[in-house]
A.B. asks: 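Pasting a structure below so you can have a look.
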Amino acid sequence: RSPRRWTRPRHRTVAEGYSLLYGVSSQQKDIGKLLAVKFESDAVDAVITEVAGYAGEVSAQLEDMSRRYPALTINTQFLPAVEVRTREAIAQETTAEFKSTKGKDFERRLLLSQLNSLGQEKNLAKVMVELETAEERRAFWRKTQQRFETLHGKVWRLLSEEYFSR
């Protein structure tokens, strides 16, 4: 779908934020499926399950908001075609890396990929807190920012303690 014509640039920018978060979280919620085919430590299982669970909650909340507020077009692609193709190439490369690794190497790569995603999500939410004008939706973004910051911290601590030398 092509983006709607927005009456004001700020409205389009806000819509882009919702679409970006939905795009990431709707894919991230499925990261837990990797755990069904790859063995991992209890600590990695716990944090990845938590990340995937929260991504699923965020996706569902965004779907609900888009039904209640039709201007929130979560399925609209706002990215330039070259960015979309770049992200698809990165996803294919990451998937291939996950398939070809196991044990600690697999866990480290999985955690690093989630650290990157959570960093994007927490910063997107931070920007959206400033841009969103409706208080109910601003509260959603504040809560989302806090939760992604917490998850980012958990993943970072696990990486630091178990996968990086001190």
Side-chain angles (χ1 to χ4, degrees), residues 1 3 6 9-35 40 43-66 72-98 101 106-134 137-164:
R1 269 170 45 181
W6 303 99
R10 182 182 183 98
H11 289 159
R12 179 186 162 107
T13 302
V14 170
E16 290 169 348
Y18 283 91
S19 180
L20 282 170
L21 182 60
Y22 185 73
V24 174
S25 65
S26 64
Q27 290 178 353
Q28 191 175 34
K29 69 183 168 109
D30 294 331
I31 195 73
K33 291 178 182 176
L34 272 175
L35 304 180
E40 70 293 321
V44 170
D45 182 58
V47 76
I48 295 301
T49 298
E50 187 175 358
V51 168
Y54 186 63
E57 289 176 32
V58 167
S59 294
Q61 289 173 335
L62 289 169
E63 289 166 0
D64 178 61
M65 279 194 273
S66 74
L72 302 181
T73 54
I74 59 173
N75 290 314
T76 299
Q77 183 59 255
F78 289 100
L79 299 172
V82 69
E83 177 70 13
V84 171
R85 290 179 66 185
T86 300
R87 288 180 181 212
E88 288 170 352
I90 291 168
Q92 289 173 352
E93 184 177 279
T94 302
T95 299
E97 288 174 358
F98 286 155
T101 58
F106 166 74
E107 292 178 299
R108 183 180 48 80
R109 288 174 189 261
L110 178 60
L111 291 170
L112 285 170
S113 76
Q114 291 310 294
L115 186 71
N116 183 49
S117 293
L118 292 164
Q120 291 175 3
E121 289 162 321
K122 72 179 182 133
N123 283 290
L124 171 60
K126 180 181 179 180
V127 169
M128 290 299 292
V129 166
E130 297 170 11
L131 291 174
E132 180 57 75
T133 57
R137 295 189 305 266
R138 184 178 280 156
F140 161 80
W141 285 107
R142 278 190 201 102
K143 177 185 168 209
T144 300
Q145 178 188 0
Q146 291 169 350
R147 188 74 172 109
F148 280 133
E149 285 174 351
T150 298
L151 290 168
H152 186 270
K154 285 183 177 186
V155 171
W156 176 247
R157 278 188 297 284
L158 184 57
L159 276 165
S160 297
E161 293 169 3
E162 301 293 328
Y163 302 90
F164 295 143

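Quick note: numbers below take in every heavy atom, side chains included, and nothing from hydrogens, waters or symmetry partners.
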A.B. asks: Is the ring pair Phe164/Trp156 parallel, tilted or perpendicular, if the boundaries are 30 and 60 degrees?
C.D. replies: tilted
A.B. asks: Among His152, Gln145, Gln146, exactly one meets side-chain hydrogen bond (donor to acceptor under 3.5 Å, both in side chains) together with Glu149. Which residue is that?
C.D. replies: Gln145
A.B. asks: With rounding to the nearest 0.5 Å, note down the distance linking CD in Glu130 to CH2 in Trp141.
C.D. replies: 12.5 Å
A.B. asks: Could you give all pairs that pass the salt bridge (Lys or Arg N to Asp or Glu O under 4.0 Å) test and reach residues 56-66, with sequence neighbours left out?
C.D. replies: Asp64-Arg68
A.B. asks: May I ask you to test the Ile74-Ser66 pair for a side-chain heavy-atom distance under 4.5 Å?
C.D. replies: yes
A.B. asks: List the steps, then state whether side-chain contact (heavy atoms from CB on, under 4.5 Å) holds for Arg142 with Met128.
C.D. replies: CA-CA 9 Å; Arg142 278 190 201 102; Met128 290 299 292; over 6 Å; no
A.B. asks: List the steps and the verdict of side-chain contact (heavy atoms from CB on, under 4.5 Å) for Glu50 and Arg147.
C.D. replies: CA-CA 11 Å; Glu50 187 175 358; Arg147 188 74 172 109; 3.0 Å; yes
A.B. asks: Of Val51, Leu158, Leu159, which is the lone residue that meets side-chain contact (heavy atoms from CB on, under 4.5 Å) with Leu115?
C.D. replies: Leu159
A.B. asks: As an exercise, state the distance from CD1 of Ile48 to CD of Gln114, rounded to the nearest 0.5 Å.
C.D. replies: 5.0 Å
A.B. asks: List the residues meeting ring pair (Phe, Tyr, Trp, His ring centres under 6.0 Å) with Tyr54, not counting sequence neighbours, and say none if there are none.
C.D. replies: Phe148
A.B. asks: NZ/Lys126 to OG1/Thr144 distance, rounded to the nearest 0.5 angstrom?
C.D. replies: 15.5 Å
A.B. asks: Using the rule given for side-chain contact (heavy atoms from CB on, under 4.5 Å), can you reason through Leu118 versus Gln28, listing the C-alpha separation, both sets of side-chain angles and the distance that settles it, and then say yes or no?
C.D. replies: CA-CA 10 Å; Leu118 292 164; Gln28 191 175 34; 4.0 Å; yes
A.B. asks: When rounded to the nearest 0.5 angstrom, what distance separates CD1 in Ile90 from CD in Glu97?
C.D. replies: 10.5 Å
A.B. asks: Check Leu124 against Gly17 and note the closest heavy-atom contact, atom names and distance.
C.D. replies: CD2-O, 3.7 Å
A.B. asks: Would you check if the side chain of Thr49 reaches a backbone N or O of Asp45 as a donor-acceptor pair within less than 3.5 Å?
C.D. replies: yes
A.B. asks: Listing request: all salt bridge (Lys or Arg N to Asp or Glu O under 4.0 Å) pairs with a residue in residues 20-30, at least two apart in sequence or in separate chains.
C.D. replies: Asp30-Lys33
A.B. asks: Do the non-hydrogen side-chain atoms of Tyr163 and Leu112 ever get within less than 4.5 Å of each other?
C.D. replies: no
A.B. asks: Which residue in the set Leu20, Leu21, Val14 passes side-chain contact (heavy atoms from CB on, under 4.5 Å) when paired with Tyr18?
C.D. replies: Val14
A.B. asks: Considering only heavy atoms from C-beta outward, does the side chain of Val47 approach that of Leu111 to under 4.5 Å?
C.D. replies: yes
A.B. asks: Answer whether the closest heavy-atom distance between the side chains of Arg137 and Leu72 falls below 4.5 Å.
C.D. replies: yes
A.B. asks: Are Ser59 and Ser25 linked by a side-chain donor-acceptor pair shorter than 3.5 Å?
C.D. replies: yes
A.B. asks: Kindly indicate, with the supporting measurements, whether the criterion side-chain contact (heavy atoms from CB on, under 4.5 Å) is fulfilled by Lys154 and Arg157.
C.D. replies: CA-CA 5 Å; Lys154 285 183 177 186; Arg157 278 188 297 284; 3.6 Å; yes
A.B. asks: Are any non-hydrogen side-chain atoms of Phe106 and Val44 less than 4.5 angstrom apart?
C.D. replies: no
